[in-house]
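Structure, as structure tokens:
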There are 2 protein chains.
Amino acid sequence: MSAALSAIERFSRYQSDDAQSVKPVHCPVRDVLDRIGDKWSILLLMTLAMRPQRFSELHRAVRDISKRMLTQTLRDLERDGLITRHVFPTKPPSVEYCLSPLGQSLLEPMASLIDWADRRYSDIHAARVRFDGAPSDVQRS
Amino acid sequence: MSAALSAIERFSRYQSDDAQSVKPVHCPVRDVLDRIGDKWSILLLMTLAMRPQRFSELHRAVRDISKRMLTQTLRDLERDGLITRHVFPTKPPSVEYCLSPLGQSLLEPMASLIDWADRRYSDIHAARVRFDGAPSDVQRS
DNA sequence: GAGGGCAGGTCTCACATAGAGACCTGCGAC
DNA sequence: GTCGCAGGTCTCTATGTGAGACCTGCCCTC
């Protein structure tokens with residue numbers, strides 16, 4: 001726990017450095033979070049964690065992503081070295097995406113987040129119902 | 001590792017259930033990820049992890065968030081029970097936000113992600129440079 | 001040998017979301 | 001009375017996203 005929290009302290013140093021300087025300080029953590037924290041990246045990484053998959057397989061697995069965003073997200077992940085892209089010279093060429101070692105290394109921290117999400121979902125859902133049910137200052141005692 | 005990866009397997013089951021059914025299957029993991037995976041939530045949670053803070057402190061800590069998004073993100077986090085909001089009846093009323101126990105429980109998985117981001121940033125940065133430097137099939141050998 | 005189909009995209013347009021920054025509210029100090 | 005402050009809300013514009021038509025090679029069928 002304290003080991004993990006030291007990461008937060010390290011991050012906080014970037015924050016306070018930034019707050020104190022005139023020019024914004026570049027924070028690697030934010031950079032990375034902006035990347036994998038978008039709408040589709042984690043979802044695609046999780047999907048590829050099961051096995052390498054082709055473009056259209058991914059599209060079927062994550063049905064509500066548009067081709068446009070699928071292409072774009074995959075390209076960004078490839079750019080960041082998290083996945084690799086292989087083109088096979090079949091009749092209509094097929095393209096397979098799979099996790100790189102760097103992408104693999106992200107699985108463990110990501111899985112702990114998924115695990116949290118799955119275990120705490122009922123709490124979150126309950127909190128939402130409670131919040132929406134008490135629109136102003138209605139307090140149950 | 002295998003314990004963590006079992007979370008991924010569990011998640012994959014939602015995915016394949018969804019792929020097979022006609023009606024989309026509601027996936028709690030996606031629900032939660034959509035929430036904390038937005039541009040500002042993790043950043044604010046990390047900032048609040050250090051200590052409870054007031055609206056304007058948060059605004060100073062995360063300088064490039066707009067008031068609009070700060071308000072909205074805080075409200076969403078409160079709705080999900082991750083943070084609590086206390087109004088103090090000072091002369092101009094001040095408002096303090098702090099992590100709820102549920103929010104605290106998110107710190108550990110989040111910290112491991114932060115830690116990953118911090119340690120792997122140089123790899124990611126290198127991959128980006130490589131990708132941008134090789135626009136087509138130029139390969140350094 | 002013309003037409004159709006498939007994989008993996010790109011392009012265009014319409015709409016939703018985010019950011020900038022002006023404004024609001026209540027109150028105490030000057 | 002009017003200034004300033006905390007914590008917002010509102011409006012306008014810029015940016016991002018989704019839907020879905022279209023494109024490109026190539027093979028297969030007719």
Side-chain angles (χ1 to χ4, degrees), chain A residues 18-19 24 27 30-31 33-44 47-48 51-80 83-98 131 135-137, chain B residues 18-19 24 27 30-31 33-44 47-48 51-80 83-98 131 135-137:
Chain A
D18 181 69
C27 171
R30 291 194 49 174
D31 195 338
L33 287 181
D34 279 357
R35 166 103 313 287
I36 64 166
D38 69 12
K39 199 172 179 356
W40 303 110
S41 293
I42 293 190
L43 232 43
L44 289 175
T47 306
L48 287 174
R51 64 173 185 285
Q53 286 182 69
R54 293 170 48 184
F55 187 87
S56 42
E57 288 180 293
L58 287 168
H59 201 184
R60 271 190 297 279
V62 185
R63 287 196 297 180
D64 51 349
I65 191 175
S66 63
K67 280 176 152 195
R68 191 178 166 288
M69 288 313 294
L70 180 55
T71 307
Q72 184 177 311
T73 307
L74 287 171
R75 188 125 46 234
D76 287 346
L77 291 173
E78 185 195 1
R79 181 169 109 97
D80 285 357
I83 65 177
T84 58
R85 178 175 180 275
H86 276 281
V87 182
F88 293 100
T90 52
K91 337 69 161 319
S94 59
V95 180
E96 190 176 80
Y97 294 90
C98 68
F131 188 91
S136 57
D137 49 10
Chain B
D18 180 70
C27 169
R30 292 194 50 173
D31 195 339
L33 287 182
D34 279 356
R35 166 101 316 285
I36 65 166
D38 69 13
K39 199 171 179 353
W40 302 112
S41 293
I42 292 190
L43 232 43
L44 289 174
T47 307
L48 287 174
R51 63 172 187 287
Q53 287 183 68
R54 293 169 48 183
F55 187 88
S56 42
E57 288 180 292
L58 287 168
H59 201 185
R60 272 191 297 277
V62 185
R63 289 197 296 180
D64 50 349
I65 192 176
S66 63
K67 280 177 150 191
R68 191 178 164 289
M69 287 315 292
L70 181 54
T71 306
Q72 184 177 311
T73 306
L74 287 171
R75 188 124 48 233
D76 286 346
L77 291 173
E78 186 195 1
R79 181 169 111 98
D80 285 357
I83 64 176
T84 58
R85 179 176 179 275
H86 276 282
V87 182
F88 293 100
T90 52
K91 24 279 191 65
S94 58
V95 179
E96 190 175 80
Y97 293 91
C98 68
F131 188 91
S136 56
D137 50 9

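Just so it is clear, the values below take in all heavy atoms, side chains as well, and ignore hydrogens, waters and symmetry mates. Throughout, protein chains are lettered first and strands after them, A, B, ... in sequence-line order, and every chain is numbered starting at 1.
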**Request:** For each nucleotide in nucleotides 25-30 of chain D, reading 5' to 3', give B when a protein heavy atom comes within less than 4.0 Å of its base, S when such contact involves only the sugar-phosphate, and - otherwise.
**Result:** BSS---

Using atom names, set out every protein N or O paired with an N or O of nucleotides 12-23 of chain D below 3.5 Å, distance rounded to 0.1 Å.
| residue | atom | partner | partner atom | Å |
| --- | --- | --- | --- | --- |
| D/dG18 | OP2 | A/Trp40 | NE1 | 3.3 |

**Message:** Please determine whether a side-chain nitrogen or oxygen atom of A/Arg60 lies at a distance below 4.0 Å from atom OP1 or OP2 of C/dA7.
**Reply:** no

**Test item: A/Leu70 and A/Phe55 side chains (from C-beta on) under 4.5 Å apart, heavy atoms** = yes

**Request:** Check for a donor-acceptor pair, side chain of B/Gln53 on one end and backbone N or O of B/Tyr97 on the other, with a separation under 3.5 Å.
**Result:** no

**Message:** Do B/Arg35 and B/Asp76 have side chains that approach each other closer than 4.5 Å (heavy atoms only, starting at C-beta)?
**Reply:** yes

**Message:** Please report the distance, rounded to the nearest Å, between CG in B/Leu70 and P in D/dT9.
**Reply:** 11 Å

**Under the side chain to side chain donor-acceptor pair (under 3.5 Å) test, residues paired with B/Ser41 that sit two or more places apart** = B/Asp38

**Asked** Can you name the residues that form a side chain to side chain donor-acceptor pair (under 3.5 Å) with B/Arg54, not counting sequence neighbours?
**Response** none

**Item:** Between C1' of C/dG19 and NE2 of B/His59, the distance in whole Å
**Value:** 10 Å

**Request:** For the side chain of B/Arg85, starting at C-beta, report the closest nucleotide among C/dG9, D/dT9, D/dG7.
**Result:** D/dG7

**Request:** Can you tell me which residue pairs pass the side-chain hydrogen bond (donor to acceptor under 3.5 Å, both in side chains) test with a partner in residues 57-66 of chain A, sequence neighbours excluded?
**Result:** A/Arg63-B/Asp18, A/Asp64-B/Arg30

**Request:** For A/Tyr97, answer base if it contacts any base atom (sugar-phosphate contacts may also be present), sugar-phosphate if it contacts only those atoms, and nothing otherwise; contact means non-hydrogen atoms under 4.0 Å.
**Result:** sugar-phosphate

**Request:** Using a heavy-atom cut-off of under 4.0 Å over every strand shown, decide if B/Ser56 touches base, sugar-phosphate, or nothing.
**Result:** sugar-phosphate

**Asked** Quick one: is D/dG7 close enough that its OP1 or OP2 comes under 4.0 Å of any side-chain N or O from B/Arg54?
**Response** yes

**Item:** Between P of C/dG19 and CG of A/Asp34, the distance in whole Å
**Value:** 10 Å

**Message:** Contact between B/Glu78 and B/Asp80 at the side-chain level, heavy atoms closer than 4.5 Å - yes or no?
**Reply:** no

**Request:** Could you check how far CG of A/Leu74 sits from P of C/dG9, rounded to whole Å?
**Result:** 8 Å

**Complete:** Whole-Å distance, B/Leu43 CG to C/dG19 C1', equals 16 Å

**Asked** Tell me, do B/Leu48 and B/Leu58 make a side-chain contact under 4.5 Å, heavy atoms counted?
**Response** yes

**Asked** Taking only residues two or more places apart in sequence, or in another chain, which ones meet A/Pro52 in a side-chain contact (heavy atoms from CB on, under 4.5 Å)?
**Response** A/Glu96, A/Cys98

